[in-house]
Amino acid sequence: MGTFIIQIPMTNETPSFAPANTSLAPFSSRVLAQLIDLALSGLVALVPFIGWAIGLGYFLVRDSLPFLKGQSIGKKAMKIKVTDADGADLVGNYVPSLIRNLTLMIPLMPIVELYILYKNPANMARIGDQWALTRVINA
């Protein structure tokens, strides 16, 4: 049986990229988009039998779903989106979406992520964004 290794960049530096003609999404927009997506995932999870799986799946890959054009419902509502290091949308690129959202599944990590965003408004890159090499920008 083969071994599967995931390498996560461990650095104190955050990627300093932003696509041309864009600006980083403000803290308030990011928080509201996250709350909308959490509420939606929670509502879907209430559907009997498989709702929890659909809600969890949406939560983890919501930024790369082709039928949403790479924006979660919360991000569409707040007019923000996630891009990769090249400034490209994450449409169909599930790995960065999965990496950046898995960090939110770690106990207490959402509180840490919120603190990081609040205390460093110039950078606006939470740990999930640093590991996935993504940024949240105004759409």
Atom pair CG (Leu24) and CG (Asn123), whose distance is rounded to the nearest 0.5 Å
7.5 Å

Smallest heavy-atom separation, Ile80 atom then Ser29 atom, equals CD1-O, 3.8 Å

Between Ser64 and Leu90, what is the shortest heavy-atom contact and its length?
CB-O, 3.0 Å

Heavy-atom closest pair (Gly55 atom, Ser41 atom, distance to 0.1 Å) is O-OG, 3.5 Å

Do the non-hydrogen side-chain atoms of Leu108 and Ile111 ever get within less than 4.5 Å of each other?
yes

Tyr58 with Leu43, same ILVMFWY side-chain cluster at under 4.5 Å
no

Could you tell me whether the side chain of Gln71 reaches within less than 4.5 Å of the side chain of Asp63, counting heavy atoms only?
no

Hey, what do you get for CD1 (Ile116) to CD (Gln130), rounding to the nearest 0.5 Å?
6.5 Å

With no hydrogens and no angle check, is any side-chain donor or acceptor of Glu113 less than 3.5 Å from a backbone partner on Ile127?
yes

Leu102 CG to Phe59 CZ distance, which is reported to the nearest 0.5 Å:
9.0 Å

State, to 0.1 Å, how close Ala125 and Leu117 come at their nearest heavy-atom pair, and which atoms those are.
N-CD2, 4.0 Å

Assess the side chains of Asp129 and Thr134: does a donor N or O sit below 3.5 Å from an acceptor N or O?
yes

Do Leu46 and Ile50 share a hydrophobic cluster, counting only Ile, Leu, Val, Met, Phe, Trp and Tyr and linking them when any side-chain heavy atoms are less than 4.5 Å apart?
no

Would you indicate whether Tyr115, at its atom OH, is surrounded by more than 12 heavy atoms from other residues, nucleotides or ligands within a distance under 6.0 Å?
no

Looking only at the side chains, is there a donor atom on one of Arg62 and Ser97 sitting less than 3.5 Å from an acceptor on the other?
no

Do you know which two heavy atoms are closest between Ser72 and Leu68, and how far apart they sit?
CA-CD1, 4.4 Å

Hey, any chance Leu35 and Phe27 share a hydrophobic cluster, counting ILVMFWY side chains that come within less than 4.5 Å of each other, even indirectly?
yes

Single-linkage hydrophobic cluster, 4.5 Å side-chain cutoff, Leu38 and Met105 together:
yes

Can you measure from CD1 (Ile137) to NZ (Lys79) and round to the nearest 0.5 angstrom?
15.0 Å

Quick check: does any side chain N or O of Asp84 sit under 3.5 Å from a backbone N or O of Asp86, one acting as donor and the other as acceptor?
yes

Interatomic distance, Ile73 atom CD1 to Lys76 atom NZ [nearest 0.5 angstrom]:
9.0 Å

Trp52 reachable from Leu98 in the ILVMFWY side-chain graph, under 4.5 Å edges
no

Using 0.5 Å steps for rounding, measure from the NZ atom of Lys81 to the NZ atom of Lys75.
12.5 Å

Does the Lys69 side chain pair with the main chain of Val91, one donor and one acceptor, at a distance under 3.5 Å?
no

Before you tell me yes or no, could you show the steps for Arg100 and Val136 under side-chain contact (heavy atoms from CB on, under 4.5 Å), namely the whole-Å CA-CA distance, both residues' side-chain angles and the distance that decides it to 0.1 Å?
CA-CA 11 Å; Arg100 71 184 303 276; Val136 182; 3.3 Å; yes

